[in-house]
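The structure appears right after this line, and notes come after that.
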Amino acid sequence: MLWSKALVPTLREDPRQAENLSHKVLLRAGFIRPVGSGLYNLLPLGLRVTQKVTRIIREEMNRIGGQEMFLTALSPRSLWDKSGRWDAFGDDMFRLVDRKGQDMALCPTHEEIMALIASRELRSYKELPQVWYQFQTKFRDEPRPRGGVLRTRQFTMKDSYSFDLDYEGLNRSFNLHHEAYSRSFARMGHRFFVVQASGGLMGAGESAEFMVQAESGEDVSFVCPGCDYRANAEVAEARPAAAPQLQAKREKIRTPGLRSVEEVSGFLGIETSQLVKSLLFMRTEKPLLVLIRGDYELSEDKLRRHFGTDLTPAQDEDARKYMGASLGFLGPQGVDIETYADKSLEGSDTYAAGANQDDHHVVGISLSSETNIREYLDLRAVKTGDTCPKCNANLEGKRTIELGHIFKLGTKYSEAMGATVTDEKGEERAIVMGSYGIGVERSMAALVDQHYKDDRMAWPVSVAPYEVEVVSLGEAEVSAKIYQGLRNAGIQAALDDRDITPGAKFADADLVGIPYRVIVGPRGLKEDKVDVKNVATGEIIQVSKQDAVTKAAELVARETKDAGI
RNA sequence: CGGGGAGUAGCGUAGCCCGGUUCAACGCGCCUGCUUUGGGAGCAGGAGAUCGGAGGUUCGAAUCCUCUCUCCCCGACCA
C-alpha cells in the first residue's frame, strides 16, 4: 500500500459520537465510518482486518470438517412461521414486503434455512454428522446499537450448524466447535476465556460463550480466582453465605412506613438474611410471587428464563388487589398465589416477612408450613464477592465482550422444518442440531480493546491490516527500495510516502497500528542504518539498510510462529 | 420503550441562559506560494455554514416558543 494513494482517512480528534475506545480508534484510524445508527461502512483497512479474521475462522472451521456455504440473507415469512420466530423475534427482525405482497425477512440468523436444507437434502443417518457454515450479513433491528461496531444492526457473522443423529453426536460437534473457536480466537490474538451461558432466543440447551474482558463489554461474567468456574451473569450461581437461624416466636409487629429490607431488619433487630423479600410479578394470566433472601437481589434475567418474558413487576394496586397490602409489606404466608423461592432461602425455615397488612411485618413465619412454595430455584443475581459454587473462593465480576457463542439446539428447528433422517432401525428421527456464531466486526473491535496501549495500537500480525510499515522521512529512494524488498519477500507492506512532516506520519502510524515499522530517515542513513521497531513492545533495533527487509521479515515470521497454532 | 445528553464549515468546538456592529467565530483539515522535514511545522494568501428540519413570536432569531428528525450514552436483548 502506498499511503499517498490509499484511502486511510485518519482523524486528529475523537469524533463527537464516539465514546468507547474501540469505536474511537477504529473511527480515527480510518477503519470504519458510520452510515446510521448501528450501521458502519468498512473502509479499506477495516476490511483487511475483518478479512483476516474471516480467513482464520474459515481455516479452523475447515479443520473440524465444516463445509462452507452461502445462504440467502432474504427469506420468506413462511420459513419463520414454521419455527414460530416470525413472532418471537418481534421488532428485532427487519421485515419487508415484496412486490407480490409476500412478507419477507432480512435474516437475523439462519437456523431455519439451514434446517430447511437439512430437511430436503439429508435422508439417512449415514450422512451424519454434518457441519455447515457460512459468513453472512445478519440484520437485527437492535433496540440499542452501541459501541461502534460492537453491536450493530447489520454485521457479518460466521454461523455454523451441526447435524447429528443423537445427543452424543451433538456433544462431539459442540466440542469440536469449542476447539475451533479456541484456536481461532487464540490465533487472532484474543485473550479470551470461556463461560457458561444461556441460550436466549436461540434454544434451550447447554451453551458457552467466548469472552474477552473489556471496559466497553456489554456482559458481566463471573470468574472464580480459585477454580475454573466461569459463567455469564445471566446464569452464574453462587453459594449463599451462611445465615444465622432466626429464633423468634411468631409475632406480628407494627412497622409503620418501613418498607426496605434495611429499614425493617434494623427496626426488628435481625439480620437482613433473616428476612424474606417477597416480589410480586404480573403476567398476562395470573400473578407470580417470588421469594428471595433479604440480603440478596433477584435476577430478573433468570426469572424470565423460567417464567417467560411477559413478566412485569407489580404496581401498588396489584399488590393490594392480590395480597391486600402495599408493596413493602408483602409476605408469602397464607397466600394463594403461585410462589417460587430462591435457593438461598433453603438454609432455614424460619424468617421474617411482610404481614400482608400495611405497616406490619411478621417474624417467625415457617416457609414449610405457612407458604405454598412450589419449588426452590436459582433466581439470585450474583455479585462480586459472592461465593463460588464449586470451590468457595470469592467470584469476581468482569465486564466482557462476547466474541462467540456455541450452543446445543436439540431438535427444535429440525422438528419445525421437518429435518429428519432414517436411523439404523429404519425409523425417522429428528436431527439433533447445534448452532455456533462469531461476530466478525466485533472481533476487530475487541482486538482494539486488548491491543491499544499508551495511545498506540499494535495489531497482532495475524489480523493486522498490513504487517510492516515503512516510514519514509524524506528518504523516498531507500524507503521505496525497502518497501519493494518487503513485498518481494511476501510481506504485506505499507509505505508512508506522503509529503508530510515526520510527526504526522508517526501519529498516523500509531493510530493505524501496523505492528512492525521500518523508519528510514536521514539521521540513520548517515551511517547506512534504519530503525526496525516492534510497535507493541516499543523495542527498536538499528540495522543496516540492506538488512532491513530480512530483519522485519524475521520479526513478522517469529510472531506468526509464536502465535501460530 | 424508559431515563440522560447532543445536533453550528470536512472534523473538533465557542456563541444560546441575557435576541441586535466580535454573531456567524476559533482550532485542525483543505487549496496556492515560499520556507521546513526523527513525533501532529512556519509565514502569507484563499475556498468552505441558508447554525438538523418545519412552523411560530419579534422591527430583528444560531439564540425565545411549539412540533419534528437524527445521533450518542445508561437500562430490558444478542455475535
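Order of the sequence lines sets the chain letters (A, B, ...), proteins ahead of strands, with each chain counted from 1. Nothing here was measured: the structure is a model prediction, and the numbers come from that model.
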Original post:
Is the distance between the ring centroids of A:Phe307 and A:Tyr340 less than 6.0 Å?
Top reply: yes
Using atom names, set out every protein N or O paired with an N or O of nucleotides 46-48 of chain B below 3.5 Å, distance rounded to 0.1 Å.
none

Original post:
Which part of the nucleic acid, if any, lies within reach of A:Ser443 when heavy atoms closer than 4.0 Å are counted: base, sugar-phosphate only, or nothing?
Top reply: nothing
**OP:** Mark up nucleotides 1-7 of chain B, 5' to 3', with B wherever a protein heavy atom is under 4.0 angstrom from a base atom, S wherever such an atom reaches only the sugar-phosphate, and - elsewhere.
**Re:** -----SS
Original post:
Which nucleotide sits closest to the side chain of A:Asp301: B:A79, B:G38, B:C77?
Top reply: B:C77
Original post:
By centroid distance (under 5.5 Å) and plane angle (under 30°), are A:Phe506 and B:G40 in a stacked arrangement?
Top reply: no
Subject >> Position toward the 5' end of RNA chain B (nearest nucleotide), A:Gly148 or A:Arg151 >> reply: A:Gly148
Original post:
Which one, B:G12, B:G40, B:A79, comes nearest to the side chain of A:Phe155?
Top reply: B:A79
For residues 212-219 of chain A, which side-chain donor-acceptor pairs fall under 3.5 Å, sequence neighbours excluded?
residue  : atom : partner  : partner atom : Å
A:Ser216 : OG   : A:Asp449 : OD2          : 3.0
A:Glu218 : OE1  : A:Arg146 : NE           : 2.9
A:Glu218 : OE2  : A:Arg151 : NH1          : 3.0

**OP:** State which of B:G39, B:G40, B:C72 makes the closest approach to the side chain of A:Ser37.
**Re:** B:C72
**OP:** Could you measure between the two C1' atoms, the one in B:C78 and the one in B:C67, and give it in whole Å?
**Re:** 35 Å
Original post:
Of the nucleotides B:G39, B:G12, B:A79, which one has an atom closest to the side chain of A:Phe407?
Top reply: B:A79
Original post:
Using Watson-Crick and G-U wobble pairs whose two distances are both under 3.5 Å, how do you write the pairing of RNA chain B as dot-bracket, with | for links to another strand?
Top reply: ((((((((.[[[[.)....(....]]]].((((((.....)))))).....[[[[[..)....]]]]])))))))....
**OP:** From the options B:C78, B:C72, B:G38, select the nucleotide whose nearest atom is closest to the side chain of A:Arg442.
**Re:** B:C78
Subject >> A:Tyr466: ring pair (Phe, Tyr, Trp, His ring centres under 6.0 Å) partners, not counting sequence neighbours >> reply: none
**OP:** Go through the steps to decide whether A:Glu112 and A:Lys82 satisfy the test salt bridge (charged side-chain N to carboxylate O under 4.0 Å, His left out), and finish with yes or no.
**Re:** CA-CA 8 Å; A:Glu112 281 80 356; A:Lys82 284 185 184 159; over 6 Å; no
Original post:
What is the nucleic acid contact for A:Ile519, judged by heavy atoms within less than 4.0 Å: base, sugar-phosphate only, or nothing?
Top reply: base
Subject >> Under the ring pair (Phe, Tyr, Trp, His ring centres under 6.0 Å) test, residues paired with A:His110 that sit two or more places apart >> reply: none
Subject >> A:Ser22-A:Asn20 side chain donor-acceptor pair, cut-off 3.5 Å >> reply: yes
**OP:** Report which part of the nucleic acid A:Gly503 touches: base, sugar-phosphate, or nothing (heavy-atom distance under 4.0 Å, all strands).
**Re:** sugar-phosphate
Original post:
Roughly, in whole Å, what's the span from CD in A:Glu142 to P in B:C74?
Top reply: 14 Å
**OP:** Under 4.0 Å from any atom of RNA chain B, heavy atoms only: list the residues of residues 4-14 of chain A that qualify, in numerical order.
**Re:** A:Arg12, A:Glu13, A:Asp14
Original post:
A:Gly36 or A:Arg304: which one's nearest nucleotide on RNA chain B is closer to the 5' end?
Top reply: A:Gly36
Subject >> For RNA chain B, the residues among residues 521-540 of chain A that have a non-hydrogen atom under 4.0 Å from it >> reply: A:Gly521, A:Pro522, A:Arg523, A:Gly524, A:Asp531, A:Lys533
Subject >> N or O in side chain of A:Arg146 less than 4.0 angstrom from B:G75 OP1/OP2 >> reply: yes
Original post:
To the nearest angstrom, how far is A:Arg140 atom CZ from B:A76 atom C1'?
Top reply: 17 Å
**OP:** Kindly write out the residues that satisfy ring pair (Phe, Tyr, Trp, His ring centres under 6.0 Å) with A:Tyr296, not counting sequence neighbours, or none if the list is empty.
**Re:** none
**OP:** Mind checking A:Arg153 for me? I need base, sugar-phosphate or nothing, with any heavy atom below 4.0 Å counting as a touch.
**Re:** nothing
Using atom names, set out every protein N or O paired with an N or O of nucleotides 30-36 of chain B below 3.5 Å, distance rounded to 0.1 Å.
none

Original post:
Can you name the side-chain contact (heavy atoms from CB on, under 4.5 Å) partners of A:Arg399, sequence neighbours left out?
Top reply: A:Val220
**OP:** Please identify each residue that fulfils side chain to side chain donor-acceptor pair (under 3.5 Å) with A:Asn171, with sequence neighbours left out.
**Re:** A:Lys408
**OP:** Would you kindly check if the NZ (Lys) or CZ (Arg) of A:Arg95 is within the cone defined by 45 degrees around the ring axis of A:Trp86 and under 6.0 Å from the six-membered ring centre?
**Re:** yes
Subject >> A:Asn232 and A:Glu209: side chain donor to acceptor below 3.5 Å >> reply: yes
Subject >> Of the listed nucleotides B:A79, B:G40, B:G39, the one nearest the side chain of A:Leu511 >> reply: B:G40
Subject >> Steps toward ring-ring contact (aromatic ring centres under 6.0 Å, His included) verdict (A:Tyr483, A:Trp3) >> reply: CA-CA 12 Å; A:Tyr483 169 68; A:Trp3 211 302; over 10 Å; no
Original post:
Hey, would you say the A:His23 and A:Tyr40 ring centroids sit under 6.0 Å apart?
Top reply: yes
